[in-house]
Amino acid sequence: MMIRKILFTVLAVLAAASLQAQTSSRFEQRYDLLVSQFGPAGVGVETVLNNWAKVDSTNAKMLQGRFAYLLTKAQSTQVEVRPGKKYLGMDPVLTLQDSLGNDVNYFQINVFDDNLYSDAIKAVDKAITYWPDRLDFRFMKANAYIAYEKESPDMALSCLMSLIDENQARISSWEYEGQKVGQDFFQNAVQEYCFSFYALGTQSGYEAFRVLSERMMSLFPDNPGFINNLGTYHLIAKEDYKTAYKYYNKVLKAYPDDYTAIKNGIIAARKQKNVKVEKKYLEMMLKYGQESEKLQAKGRLESLKK
């Protein structure tokens, strides 16, 4: 009698789980259709997400959809005048001239409703709580911070630094969109964030670029990308060519054919007008560069000898 009761309970649980999966699948299909037609915050999307949550409150796709809905609803665009030829790496949508003939640049900028943005962050935090191994959810949160903070990515940097610490303490692999990923994937992903901070073109962006690169270089000293980053930081943000050379030469000692270090070494030497150092890097380009780069390096070397 007891065995029959247990068996009945197990079968009931399995049946309920199967029904939930089928129902959730139908909501997912409906959600995908609406998003394809109207976007992540289009007509009917919120209703589908609300009903989906009632039957499968921890479904990863539903949680991701909730975040995307709220973040999209939180944003609107407006055109603003900003100094400089670029703003956050973007070109102006319109350039006019003032009464003195100076260029006035207009940029299209995303602005946020703070309440909806806060709800979006709560939604992604909920997704992370239910799916702590999903690296894509962590990146969704970092991306939201970057979009919101604009010139000063302080929260984004803090989020990524915490993620790096967690990565060091992990035993199991991360997952990204349902697939297991390794440390190479993690390093490459963080490097993309380094590029994002650099591309902001602001002092705060450059500092975030430096801090993130230094942390990753200390943990992954064999990855030349983060060492090159620090050379670029000193080259562009500080115009400290001596320190920039130090990092590029460190890369080239281990990887003599590293294109980034060679190319940036040439750029640094030209900015410094140091012909001797430029020749050194040009010789490297002549040896390791692509054919077009070799031809350019050869022509430049010949011109420097005149």
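One is the number of the first residue; the rest follow in order along the sequence.
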Count the heavy atoms of every other residue, nucleotide or ligand shown that sit under 6.0 Å from [atom1] of [X], and state whether that count exceeds 12.
X: Glu151; atom1: CD; result: yes
X: Gln203; atom1: CD; result: yes
X: Arg30; atom1: CZ; result: no
X: Lys61; atom1: NZ; result: yes
X: Gln97; atom1: CD; result: yes
X: Lys280; atom1: NZ; result: yes

Original post:
Are Leu135 and Met161 joined in one hydrophobic group, where the rule is that I, L, V, M, F, W and Y side chains link up if heavy atoms are under 4.5 Å apart?
Top reply: yes
Original post:
Same cluster for Val81 and Val93 if Ile/Leu/Val/Met/Phe/Trp/Tyr side chains link at under 4.5 Å?
Top reply: yes
**OP:** Would you please indicate if the ring centroids of Tyr206 and Phe197 are separated by under 6.0 Å?
**Re:** no
Subject >> Centroid-centroid under 6.0 Å between Tyr193 and Phe139 rings >> reply: yes
How many angstroms lie between [atom1] in [X] and [atom2] in [Y], if you round to the nearest 0.5 Å?
X: Ser172; Y: Lys180; atom1: OG; atom2: NZ; value: 6.5 Å
X: Phe107; Y: Lys85; atom1: CZ; atom2: NZ; value: 11.0 Å
X: Leu282; Y: Leu301; atom1: CG; atom2: CG; value: 4.5 Å

[Y] side chain reached by [X] side chain, heavy atoms, under 4.5 Å:
X: Tyr281; Y: Asn249; result: yes
X: Glu80; Y: Tyr87; result: no
X: Thr58; Y: Asp56; result: yes
X: Met140; Y: Phe137; result: yes
X: Ile262; Y: Tyr255; result: no
X: Lys126; Y: Tyr130; result: yes
X: Lys122; Y: Asp125; result: no

Subject >> salt bridge (charged side-chain N to carboxylate O under 4.0 Å, His left out) partners of Glu214, counting only residues at least two apart >> reply: Arg210
Original post:
Listed by chain and number, what are the salt bridge (charged side-chain N to carboxylate O under 4.0 Å, His left out) partners of Lys294, not counting sequence neighbours?
Top reply: Glu291
Subject >> Option among Tyr248, Tyr245, Tyr247, Phe209 that satisfies the ring pair (Phe, Tyr, Trp, His ring centres under 6.0 Å) test with His234 >> reply: Tyr247
**OP:** Please state whether the rings of Phe112 and Tyr148 are parallel, tilted or perpendicular, taking 30° and 60° as the class boundaries.
**Re:** perpendicular
Original post:
Regarding Glu207 and Tyr233, is there a side-chain donor-to-acceptor distance under 3.5 Å anywhere?
Top reply: yes
Original post:
Quick one: do the Asn228 and Tyr259 side chains pair a donor with an acceptor below 3.5 Å?
Top reply: no
Subject >> Side chain Glu149, main chain Asp154, donor-acceptor under 3.5 Å >> reply: yes
Original post:
Do side-chain atoms of Ser118 reach the backbone of Asp114 as a donor and acceptor pair under 3.5 angstrom?
Top reply: no
Subject >> Steps toward ring-ring contact (aromatic ring centres under 6.0 Å, His included) verdict (Phe220, Phe226) >> reply: CA-CA 8 Å; Phe220 305 100; Phe226 301 111; 7.1 Å; no
Subject >> Pairs meeting criterion salt bridge (Lys or Arg N to Asp or Glu O under 4.0 Å) with involvement of residues 254-276, two or more places apart >> reply: Lys263-Glu293, Arg270-Glu278
